[in-house]
Number of protein chains: 2
Amino acid sequence: MGGTQSQRPRVLGSVRRPVTRADVAQLAGVSTAVVSYVLNDGPRPVAPRTAERVRQAVALLGYRPNASARALRRGRTETIGLILGDSLNPLFTEYTSQLTKAAAMRGEALLIRDSRQDATVEAQIVEQLIDRQVDGLLFASPYSSSVNPHALRAAGIPSVLIDCPGPVPGRLSVGPAAQEGAERLVDHLIEHGRGRIALVVGERGFGHPDPRELGWQFAQHRSQLRPGPVIRVPFTREGGYTAGRQLTRAGEGVDAVFASNDLQAAGVLRALHEGGARVPDDIAVVSFDGTRESEFCWPPLTVAQQDLPRMAEVAIDLLHSEPDAPGRHVRVPTTLVTRASCGCPGVHA
Amino acid sequence: MGGTQSQRPRVLGSVRRPVTRADVAQLAGVSTAVVSYVLNDGPRPVAPRTAERVRQAVALLGYRPNASARALRRGRTETIGLILGDSLNPLFTEYTSQLTKAAAMRGEALLIRDSRQDATVEAQIVEQLIDRQVDGLLFASPYSSSVNPHALRAAGIPSVLIDCPGPVPGRLSVGPAAQEGAERLVDHLIEHGRGRIALVVGERGFGHPDPRELGWQFAQHRSQLRPGPVIRVPFTREGGYTAGRQLTRAGEGVDAVFASNDLQAAGVLRALHEGGARVPDDIAVVSFDGTRESEFCWPPLTVAQQDLPRMAEVAIDLLHSEPDAPGRHVRVPTTLVTRASCGCPGVHA
DNA sequence: CCGGAAGGAAACCCATGAACACCCCCGTCA
DNA sequence: TGACGGGGGTGTTCATGGGTTTCCTTCCGG
């Protein structure tokens, strides 16, 4: 920013020089090493009286260790990079919030960047984050599994894939138990009399095969239902809107829609309302994610809710696991939250 | 994480030691100082041929400067702290996205934390961020104006208040031209025949006086309208919901609602729908912010839209202004975006 | 012989921790 | 009983991490 350390104006009588360990050492009448030992609790014992003097000096001077110097020396910054494919998706907003919390528990902070789902941008961001010496990287972006693993291993930086549909060889990842969640949602629709259920999903889906799509298929198959139409649109509100318009126009007798995420669901809802369809009477809508927004849609959405606090903890834990550990994927169950949009009896707005 | 620099396993023949400027210097046959001059473009000229050799060595070795070391030496980390009162509010999500972009333009990254509107938590976070040597702080939190200014000045850390309702003595701040925005919204309602307009606003409002509230008052006054009721609830979807229920029950002949932010508006809408009111026929709803979510409410919301890209740029600019500059507040105009919720003719869903 | 251009040596930013120095107490042996 | 060796407990010294920058040296042409 404007004022650098060196040219800081000297206020008379108080050259506002930051307090360093040397000041503390001098005041406490010890060497700087002892200050270090006291503050870091080891690796060697310090006489209680000396330690006390040091602590008093620290308090008196308001000394705070310099993070840059510490990072340089220790080779760790206590900072984690988080790369999001779409930072405006409320799912990732809520995810980020939980991740920040989980990281803070370990004294780590997050540097967050948005790759806008662009592989080139993502590569740049990863480079910038590595330059900043992050201790690890979290990816919630479709390109993450392709670009980086080798460079990351070479740099000795652990990484974890977030919101990952399934195992990726040699990599650590977390994700919702999406297929089960999707099945429960679709089963729920079927149990309450819906017979033709459309699927709205991203163009490339979530991985291959897409567990949400599988769940949707299996549930219908189990009930010997003819599979409803699949509409492929981007994972955005606008995408969902497009899908919804298609549904209202086509009128293929669809009486329920399963949207793959809350954003698409919001778009579908808007299109259905505009098209004059009554939700849930004419057509039910359910979706995956269960962000806070889903509760305040109209009608409130029945969803398979992801357990973000849990997944965030798992992600941070995985990041701290053995550096040479083999790949591993953790699936976290979702919860079925029934609200008005599925039209099931007993749920009033 | 698990593996630290020092105990990294030595692969035979290739001790994966990070490349330092010394390696580059050796390969290029110059001293480390010259490498520094070349990479930082000064402060002294380097012979073109030498510079070229250095650049080649850099490229060949894939050398990347160590950010911690640089930060230690320069006393600047190129990192900015952002403190949010509610990181889940989509307004701040979008704000954050723009701020990240604006900061990245200057090579700076953001460390983001959520104070959950708690002064104690906020103080801790500020301390942690200062420990991490952030070069500046951005506050989008109600407590920011009270707690920190002195400590920050003492630490020589510039700060800017984001989403600030008005000038704060001695401080830098940005905010929407809220009063004007509110007036336009309310004028718009009045022009289209609404005569009794309720205000939904946070318990403590936005500052004293609250410009949104003022705008709402003035616009009604100008049109010689009796002011509608004021309902004070938290700035959340749940708060808006409570307000909406109150409105449907009371039935004070209110035919329009001005919600102070998009979250409250979402809650109001849900409550009105549940109460069987038709929006906008029976009652119009407008709100402030204009987040993406507002476009996909039902019906889509007419809003005073904040110019977040602009405000983010201003915020970062202010942060880089003269350290001893006097306080300053920048007001950025909002845009009236008409959608279906205000029921004005000519706007179809 | 002087001046300027180009590059090198070394101090510095701050914290860390291995290696070393010291003190004191104890035990052992003459 | 006194001298000396050994060892635990404390503290200090100093190299180290990697980049920046001041000051100094060298070498060239004029």
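- A/L111 is linked by a side chain to side chain contact (heavy atoms under 4.5 Å, CB included) to A/T79, A/L129, A/R132, A/V134, B/A109, B/L111, counting only residues two or more places apart in sequence or in another chain.
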Next on the checklist: Test side-chain hydrogen bond (donor to acceptor under 3.5 Å, both in side chains) on A/R21 and A/S36; report intermediate values, then the result.
Outcome noted: CA-CA 8 Å; A/R21 91 240 174 269; A/S36 205; over 6 Å; no

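- For A/R74 and C/dC14, the CZ to C1' distance is 13 Å, given to the nearest whole Å.
- As a whole-Å value, the separation of B/R49 CZ from C/dG7 C1' is 14 Å.
- Side-chain N or O atoms of B/D163 include none that pairs as donor or acceptor with a backbone N or O of B/A140 at under 3.5 Å.
- In this structure, the CG atom of A/L72 is 10 Å from the C1' atom of C/dT16, given to the nearest Å.
- B/D118 places no side-chain N or O within donor-acceptor distance of the main-chain N or O of B/S115, the cut-off being under 3.5 Å.
- The heavy-atom pair separating B/D114 from B/S87 by the smallest distance is OD2-OG, 2.7 Å.
- Within the structure, every side-chain polar atom (N or O) of B/N40 is placed at least 4.0 Å from both OP1 and OP2 of D/dG19.
- Atoms CG (B/N66) and P (D/dT20) sit 10 Å apart, rounded to a whole Å.
- Across the helix from C/dC1-D/dG30 to C/dA30-D/dT1, the helix axis at one end is tilted relative to the axis at the other end by 80° (nearest 10 degrees, each axis from five pairs).
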Item to check | salt bridge (charged side-chain N to carboxylate O under 4.0 Å, His left out) assessment of B/R106 paired with B/D317 | outcome: CA-CA 10 Å; B/R106 297 183 183 244; B/D317 282 352; 2.7 Å; yes

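- Pairs engaging residues 43-61 of chain B under the side-chain hydrogen bond (donor to acceptor under 3.5 Å, both in side chains) rule: none recorded [sequence neighbours left out].
- Taking side-chain N and O atoms only, B/S36 has a distance below 4.0 Å to OP1 or OP2 of D/dT20.
- Using a 4.0 Å cut-off between charged side-chain N and carboxylate O, B/R116 and B/E122 make no salt bridge.
- Looking only at distances, a side-chain donor or acceptor of B/T77 sits under 3.5 Å from a matching main-chain atom of B/Q133.
- OP1 or OP2 of C/dT16 sits under 4.0 Å from a side-chain N or O of A/R70.
- B/D135 places a side-chain N or O within 3.5 Å of a backbone atom of B/E78 that can act as its donor or acceptor partner.
- More than 12 heavy atoms of other residues, nucleotides or ligands sit less than 6.0 Å from atom CD of A/Q98.
- Protein atom CD of B/Q26 is 13 Å distant from nucleotide atom P of C/dG8, rounded to whole Å.
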Checklist entry - If the sugar-phosphate is the primed atoms plus P, OP1 and OP2 and the base is the rest, what is the B/S/- string for nucleotides 25-30 of chain D, using protein heavy atoms under 4.0 Å? => result ------

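- Side-chain atoms of A/T93 come within 3.5 Å of backbone atoms of A/N89 as a donor-acceptor pair (strictly under, hydrogens ignored).
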Protein-nucleotides 10-12 of chain C N/O pairs under 3.5 Å:
unit_1, atom_1, unit_2, atom_2, d
C/dC12, O2, B/R73, NH1, 2.9

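- A side-chain donor-acceptor contact under 3.5 Å links A/D23 to the backbone of A/T20.
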What nitrogen or oxygen pairs link the protein and nucleotides 8-11 of chain D at under 3.5 Å?
unit_1, atom_1, unit_2, atom_2, d
D/dG11, OP1, A/T50, OG1, 2.2
D/dG11, OP2, A/A47, N, 3.2
D/dG11, N7, A/R44, NH2, 2.3
D/dG11, O6, A/R44, NH1, 2.5
D/dG11, O6, A/R44, NH2, 2.8

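- Following rounding to the nearest Å, A/R76 (CZ) and D/dT16 (C1') show an atom-to-atom distance of 18 Å.
- When all heavy atoms of B/L39 and B/P65 are compared, the pair lying nearest together is CD2-CG, 4.5 Å.
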